[in-house]
**Student:** 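One structure coming up, written as structure tokens, with questions to follow.
Just follow the structure's listing: the first ligand is 1, and inside any ligand the first atom is 1. Small disclaimer: the values here were computed from a predicted structure and weren't measured. Numbers here simply count residues along the sequence, with the first being 1.
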Amino acid sequence: MIPLDEAQARIARDISTLPAADVPLAEARGLVLAENIFSVEAIPPFANTAMDGFAVRSSDTAGASAQRPISVPVVATVAAGAVAPRPLAAGEAMRIMTGAPIPDGADAVIMVELTEPDGDNVLLKAEVASGNHIRPAGDDLEKGTLIFGPGEVLSPAHLGVCASVGKEFVSVHRRPRVGVFSTGDELMVGPTPLGPGQIRDSNRPSLLALVEEAGAIPVNLGLLRDDEKEIEDALRAAVGPDATNPVDALITSGGVSMGDFDFVKQVLSRLGDLNWMQVAIKPAKPLAFGMLMGTPIFGLPGNPVSSMVSFELFARPSLLTMMGRSDTARPTVAAIADEPMLRPPDGKTHFARVVAMPEPDGAWRVRYAGGQGSHQLTAMARANALAVLPDGSGVQTGERVQVMLLD
Ligand code: AMP
Ligand code: MG
């Protein structure tokens, strides 16, 4: 067996970030920027009002109060998107709407709530200081500022900032296309009653969804029989010079353990440069990883929980690296066990499927999400975290345990 971090390091050595490509803003959320973004103008581009109200000269409001309002003529109205027809003169007001440019000659805005209509005039009921409710040009960004650079992960707000400086496309590391197939003669799909010895393929939907959740593009390569030719044909269709449905990475599940019909193992050994690992973890001990005609391939174990945990520990960080992410690990927090989480010493790190709950005081508590067998997928469905139990005898109620948060 090899330690988990060594298996992860072996994989990381072979994974590289995909080249950058221009994508529309609407498709860029979560992707990693590969260019510098500068503000070509000041943002906001002109001084404007933060309030609906009246543009005035602050000196004209001196001494104004609710008891002693000052009446001034309203000489124009400035809507957002318009400009004042002429400069504001002393002793005048212009009605102005949020976002409209401040008229020349005005140095303050008095909000509408502090005024009252007075025929063609307006009553100013408060004194305002110079600059009141004015958002100066460049208040958010000066012209020529370097706003974001390579490595920045694009959030919804980042996309808004990019749009505000005129970008319609951004150069980002593209999403990998990730092929997923299942193997096994026992597997079937859909509502048809199960025949003797049959089970339904649950790994493919889970893995395709995990790929999508990681931000990559899932490519469903189907369910393959335990047949060397069928497996080889599927692999050749996905990678290599004659690929008809090319992918940037491949994920298989099943067929990588020690069984007589583990043909994935046999085909991959023949076609690719694969590393067969027994990783010191439970679940998900067997793992195949390597390059198949230049494409990374993850041969995950067949048991449903194992394939998902294996994806979390090995495939997900790799897909994130391909997308240019440097933060590839799930967040971990220290939690208090609400029940004993015992395990025998066996040289492995155990990953228990748990429900982690934050307490009002910020502490986390964990309990089992259900049965801990590697075939018991419902516990995985109920879990929101994996508790990391290092080799040893586990933890008692009230003891601390590290948990890896999955959502
Ligand atoms: P294998 O690694 O092919 O020996 O499979 C190990 C276990 O996982 C067996 O019980 C398989 O039936 C089960 N298994 C393999 N692939 C899948 C799948 N796609 N969906 C559900 N169970 C699977
Ligand atoms: Mg099998």
**Student:** Nearest non-hydrogen atom to atom 23 (C) of ligand 1 belongs to which of Ser182, Gly302, Gly255?
**Tutor:** Gly302

**Student:** Who's the nearest protein heavy-atom neighbour of atom 22 (N) of ligand 1, and how far?
**Tutor:** Ile199 CD1, 3.4 Å

**Student:** With heavy atoms of Asp201 as the reference, note each atom of ligand 1 found under 4.0 Å away.
**Tutor:** 18 (C), 19 (N), 20 (N)

**Student:** For atom 4 (O) of ligand 1, find the nearest protein heavy atom and state the residue, atom name and distance (0.1 Å precision).
**Tutor:** Ser257 OG, 3.5 Å

**Student:** How does Arg200 reach ligand 1, by side chain, by backbone, by both or by neither, if only non-hydrogen atoms under 4.0 Å count?
**Tutor:** backbone

**Student:** Under 4.0 Å, heavy-atom basis, I'd like to know which part of Ser202 is in contact with ligand 1: side chain, backbone, both or neither.
**Tutor:** both

**Student:** Could you grab the distance from atom CZ of Arg175 to atom CG of Leu319, nearest 0.5 Å is fine?
**Tutor:** 12.0 Å

**Student:** What do you reckon, does Gly184 put a non-hydrogen atom under 4.0 Å from ligand 1?
**Tutor:** no

**Student:** Please say whether Asn303 places an N or O atom under 3.5 Å from an N or O atom belonging to ligand 1.
**Tutor:** yes

**Student:** Which of the numbered atoms in ligand 1 are under 4.0 angstrom from any heavy atom belonging to Glu186?
**Tutor:** 11 (C), 12 (O)

**Student:** Less than 4.5 Å apart, side chain to side chain, heavy atoms only: is that true for Phe351 and Val388?
**Tutor:** yes

**Student:** I'd like to know if Asp107 and Arg57 make a salt bridge, using a cut-off of under 4.0 Å between side-chain N and carboxylate O.
**Tutor:** no

**Student:** Could you please spell out the steps behind the side-chain hydrogen bond (donor to acceptor under 3.5 Å, both in side chains) verdict for Asp201 and Ser182?
**Tutor:** CA-CA 7 Å; Asp201 175 10; Ser182 295; 2.9 Å; yes

**Student:** Do the charged groups of Asp227 and Lys229 touch, with an N to O distance under 4.0 Å?
**Tutor:** no

**Student:** Is there a side-chain contact between Met323 and Leu18 (heavy atoms, below 4.5 Å)?
**Tutor:** no

**Student:** Numbering the atoms of ligand 1 from 1, which are under 4.0 Å from a heavy atom of Leu187?
**Tutor:** 16 (N), 17 (C), 18 (C), 19 (N), 20 (N), 23 (C)

**Student:** Can you tell whether the side chains of Arg86 and Asp104 come within less than 4.0 Å, N to carboxylate O?
**Tutor:** no

**Student:** Which protein heavy atom lies closest to atom 17 (C) of ligand 1, and at what distance to 0.1 Å?
**Tutor:** Asn203 ND2, 3.2 Å

**Student:** Is it the side chain (CB and beyond), the backbone, both or neither of Leu223 that lies under 4.0 Å from ligand 1, heavy atoms counted?
**Tutor:** neither

**Student:** Just so I know, are the side chains of Thr252 and Phe298 near enough to count as touching, which here means a heavy-atom distance under 4.5 Å?
**Tutor:** no

